[in-house]
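In this chain, numbering begins with 1 at the start of the sequence shown.
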Amino acid sequence: MKLLTSSILLISVILLTHGVGKANAFSSFSLQQIIQQDTSKRDTSKKEGKNNSGLDQKVEYRADSVKFNKTKSVIFMYGNARVNYGDFELDADYIRYDSQTKVIFASGRTDPKTNRYVGKPIFKSGAEGSAIADSLYYNSETTRAKVFGVFSEQEGGYFSGGQSKKQIDDELHIKNVMYSTCNLPHPHFGILITKGIATEKQIISGPMYMVFEGVPTPIGLPFAFFPKPNKRTSGIILPTPGEDATRGFFLQNGGYYLGLNDYWDAKFLGSIYTNGSYETSMLTNYIKRYKYSGNIGLSYNSVKNGLEGTEAFRNPNKDFSIRWSHSQNANANPGSTFSASVNITSSSYYTNSPANLNYDLNAIANNTTNSSISYSKTFSNNMNYSLSMTSNQTLRTRDVSIRLPDATFNVPTFSPFDSKTRVGEQKWYQKITVGYALQGTNAIDTKDSLLFQNDGLKRLRSGFSHSIPVNMSFTALKYLNFSMGGTYNEVWNFQHINKKFTLFDDKTVTERIDTLSGFERAGSYNLSTSMSTKIYGQKKFNNLGNIMAMRHVITPNVSFNYSPDFTKADRGPFLAMKDQNGNVIKDVQGRERTYSIFEGMAYPGSFGGPQAAIGFGVDNTVELKVKSSKDTTGTGERKIPIIQGLSISGAYNFLAERNKLSTLSFNGRSQFTDKLGINYNGTFDPYDVEESRDANGEIIRNTDGSPVFERSNNYLLRKGRLARLTNIGFSFDYSLNPDALKRKNDANDKLSETAKQKGLSPIQSEQLAAISRDPNAFVDFNIPWNFSFSYSFQYSRSDAGVSNVSNTLNFNGDFNLTPKWKFTFNSGYDFQNNGLTPMNIGIYRDLHCWDMSINWVPYGAYKSYSLTLKVKASILQDLKLSKRQGFYNTYQ
């Protein structure tokens, strides 16, 4: 009964969908395709008939053999016959034209050798698509037509068989016509319409029923009536029944579609479960062609977990989601843009939905949401400004960060001393460039539960930041590239803090922080200069197998940066820490302690200690030139990047009180083969580690009595060592079949390019991203198998000697069980818990015009499976059978 009800609904949807289009579905195989469209004004008071057809065209014809019957005025055409009548084109093996009755008849012929019917009539009218028929009659004067055994395609659907007759009033009669999305002459399935009449305003159908593999079924309708308003219409969306292991039986995503007009629609959906849970949602789309488009989505659910009578069941989880996306056409308003991408949810929305009922493990595991609404304007001189509202949520910790608004204004760098009419090379002072950048914000960082309390607005932090960079670049001695300049930064804040400290006898300090309103400003600056060059080295090999040469490119760079000390008391935004008696508080080394009045404000500023530092670094690239095995001439060659950007960098600060030399960091990448590439990074510390001591020389200890360690001011060279390794890591990915990865990446790129061309919204783009993560999204049977994995390793060691190791392994693959069966899987290994991460297994079966997919999560919190049997064509996307069983909830 369930299958019968669903099929009747699908038949109704199919007919209604084709009925409300610009041209109804039946017209795709009728002679309306071959009748000339007369766009001139006609006298509607007169019935168009034999003497009032409005057509006065000359019939042109040709064929391999043409015969005339002068007595009856009949022309017979045999072999590759062709007739042109206005924009009507007809090709067939046999065509007969009666010039007295104005009737054209066309048919094919039976090949005596193969006994097959060949040379069927193919007809076309104007820009309409072509159609094939067994035979047809067409009256060029009255426009009456009759077609037998038609085969035509329109919008992914195919019409075949039966008869269709067009009357003088454009009324269309059809009989025994099959509709299907299968492109075979004898389709695997279809809807057989036994009788039907289609007019401009309505479709009336007699009995219709489903046919599978040529076998009629009782699934159908005895009669149907469909109005054709030729505009967007509203209607009921039937729910999908099913069962959930925790929530019970359900009716899911039923509701109402509201077609408001050609620019705006809305869809209201709801789901109910037998344990008392429910979900509601509203999605509306809007568009103004060549201007803008967008959509708004609102969702709310109440979920009961656990057994009846438990606390979790009595107090259901209530979650919400607000989504809005808006995009502006790039040509709508040149120079200015407005866009929006809003995604605000409660902290447990994705886990309780789950992931809006799409079982996407990536969305379920998502811990952050981001929203932004922005407007920007660019002037002809490239100056620009922007206004935006941003929001960031951390779902696990329930932290919320809102910027309302963020404002920026930028002046691109320009040469104030250069002239547009300058002739000749620039003088040194004409190379000086200046820029300007302004930022302003209203910011609030809090918990989502505190955001809308009465004192929520008191947490706002407001301010501005200014930056003026000055720079000059030049080349010396042909090969040395120099750059020198500086930057002035200034921050304005409309709130600041004041700290009051209490010093106890045991030297512990407590503080009380007061946030005060009032304008405060502070500025900082830095000066810098840098120099870089490139050194090339090359070695050729004559007797080293396929290796022809090696190339090494070294890029050294040296820089000097200076900035004064802005952390001193009463300098910049810093004040001295004073106890209850007004005495300055000092640290264990006897140094004066200070704090910034801009801590936690909108713009804390870049106020650091004194710096007069020399920075140094070197970047290395090593390539091999080898003979190409794919070149049969023996003269081909290819490059293998052995080391790509291996860089080492550090700095020495002359004004630092201790540890003047910074840590030395390195990172790089090596691509050994097309299948294997490795990334690596690490840090070396040139200083030793020692026990931390106070001003009296006593060892500082933890609460458990163990000593506290810190970086010493002594180099490890004293102990005969260059440096100690503080952290190192590497990662690599490997594919046993790189063609599979390339094809998938190409498919993803093509999908993204299509999204850009069609101007999809951020929410639609997110849905496309979810499709790209689906193991059945790109099923390529041309790749018989593939297996790939990625691995990352990180090691760190603290000053106290505590080591920490983390490593992760992910793998995925697929293979063809048979030419029509595909098996996919993806999972990973959790080294911390010594177990597999959630696995997703997919099975795909190609059934020509249908396909079957099975997705299975065999274990874990989101253990589930789903089976879907559906038609491939998107026009019949609702014609499917699906079964889903979810185990995504745990009793509480």
Quiz item: Residues in side chain to side chain contact (heavy atoms under 4.5 Å, CB included) with Y829, at least two apart?
Solution: L809, F831, N834, L836
Quiz item: Is the backbone N or O of F189 less than 3.5 Å from a side-chain atom of S180, with the two atoms forming a donor-acceptor pair by type?
Solution: yes
Exercise. Walk me through it: do N810 and N812 pass the test side-chain contact (heavy atoms from CB on, under 4.5 Å)?
Key: CA-CA 7 Å; N810 295 295; N812 64 83; over 6 Å; no
Exercise. Give a yes or no on whether F212 atom CZ has more than 12 heavy-atom contacts from other residues, nucleotides or ligands under 6.0 Å away.
Key: yes
Practice problem: Check the side chains of S346 and D319 for a donor-acceptor pair under 3.5 angstrom, ignoring hydrogens and angles. | Solution: yes
Quiz item: I373 versus V342: any side-chain heavy-atom pair under 4.5 Å?
Solution: yes
Quiz item: Would you call T194 and M208 a side-chain contact if the rule is heavy atoms closer than 4.5 Å?
Solution: no
Quiz item: When you look at K195 and F223, which way does the side-chain contact (heavy atoms from CB on, under 4.5 Å) test go after all the steps?
Solution: CA-CA 9 Å; K195 293 180 180 179; F223 62 90; over 6 Å; no
Quiz item: For Y273 and F250, which heavy atoms make the closest approach, and how far apart are they?
Solution: CD2-CB, 3.3 Å
Quiz item: If you measure from OG1 on T818 to CZ on R845, what distance do you get to the nearest 0.5 Å?
Solution: 6.0 Å
Quiz prompt | More than 12 heavy atoms from other groups under 6.0 Å of CZ on F320 | solution = yes
Quiz item: Hey, are the side chains of M178 and Y158 touching, using non-hydrogen atoms and a 4.5 Å cut-off?
Solution: no
Exercise. Any chance you could measure Y844, atom OH, to I854, atom CD1, to the nearest 0.5 Å?
Key: 12.5 Å
Quiz item: Among side-chain atoms of Q328 and H326, is any donor-acceptor pair under 3.5 angstrom?
Solution: no
Quiz item: Any side-chain heavy atom of T284 within less than 4.5 Å of one from I296?
Solution: yes
Quiz item: So, for T345 and Q393, which heavy atoms are closest and what is the spacing to 0.1 Å?
Solution: O-NE2, 2.8 Å
Quiz item: What are the two closest heavy atoms between F151 and N183, and how far apart are they?
Solution: CZ-O, 3.8 Å
Quiz prompt | Under the salt bridge (Lys or Arg N to Asp or Glu O under 4.0 Å) test, residues paired with R289 that sit two or more places apart | solution = none
Quiz item: Hey, are S325 and N295 close enough side-chain-wise for a donor-acceptor pair under 3.5 Å?
Solution: yes
Quiz item: Is the backbone N or O of A131 less than 3.5 Å from a side-chain atom of S152, with the two atoms forming a donor-acceptor pair by type?
Solution: no
Self-check item: K318 backbone acceptor or donor facing S302 side chain under 3.5 Å
Solution: no
Quiz item: Quick one: salt bridge (Lys or Arg N to Asp or Glu O under 4.0 Å) partners of D851, sequence neighbours excluded?
Solution: K870
Quiz item: Would you say N275's side chain and K304's backbone share a donor-acceptor pair under 3.5 angstrom?
Solution: yes
Quiz item: Out of curiosity, N343 CG to N370 CG, how far, rounded to the nearest 0.5 Å?
Solution: 8.0 Å
Quiz prompt | Inter-residue atom distance Y263.OH - K291.NZ, 0.5 Å rounding | solution = 12.5 Å
Practice problem: For the residue pair H848 and L184, establish whether any side-chain heavy-atom pair is separated by less than 4.5 Å. | Solution: yes
Quiz item: Between Y209 and P218, is any pair of side-chain heavy atoms under 4.5 Å apart?
Solution: no
Quiz item: Under the 3.5 angstrom rule, does the side chain of D265 hit a backbone N or O of N285 as a donor-acceptor pair?
Solution: yes
Self-check item: Gap between atom CH2 of W856 and atom OG of S866 - 0.5 Å precision
Solution: 12.5 Å
Quiz item: Counting distance only, does the side-chain N/O of T217 pair as donor-acceptor with the main-chain N or O of M210 below 3.5 Å?
Solution: yes
Quiz item: Hey, are the side chains of M839 and N826 touching, using non-hydrogen atoms and a 4.5 Å cut-off?
Solution: no
Practice problem: Step through the shown structure and confirm whether more than 12 heavy atoms of other residues, nucleotides or ligands are within 6.0 Å of NZ on K175. | Solution: no
Quiz item: To the nearest 0.5 Å, how far apart are OG1 in T274 and CG in L251?
Solution: 10.0 Å
Quiz item: Got L869 and L847 here, is their nearest side-chain heavy-atom distance under 4.5 Å?
Solution: yes
Self-check item: Exercise: identify the closest heavy-atom pair between G235 and Y256
Solution: O-CD1, 3.4 Å
Quiz item: How about H186: does its NE2 atom have over 12 heavy atoms from other parts shown lying under 6.0 Å from it?
Solution: no
Quiz item: Do the two ring centres, one from F815 and one from F823, sit under 6.0 Å apart?
Solution: yes
Quiz item: Is a donor on one side and an acceptor on the other found under 3.5 Å between the side chain of S205 and the backbone of G196?
Solution: no
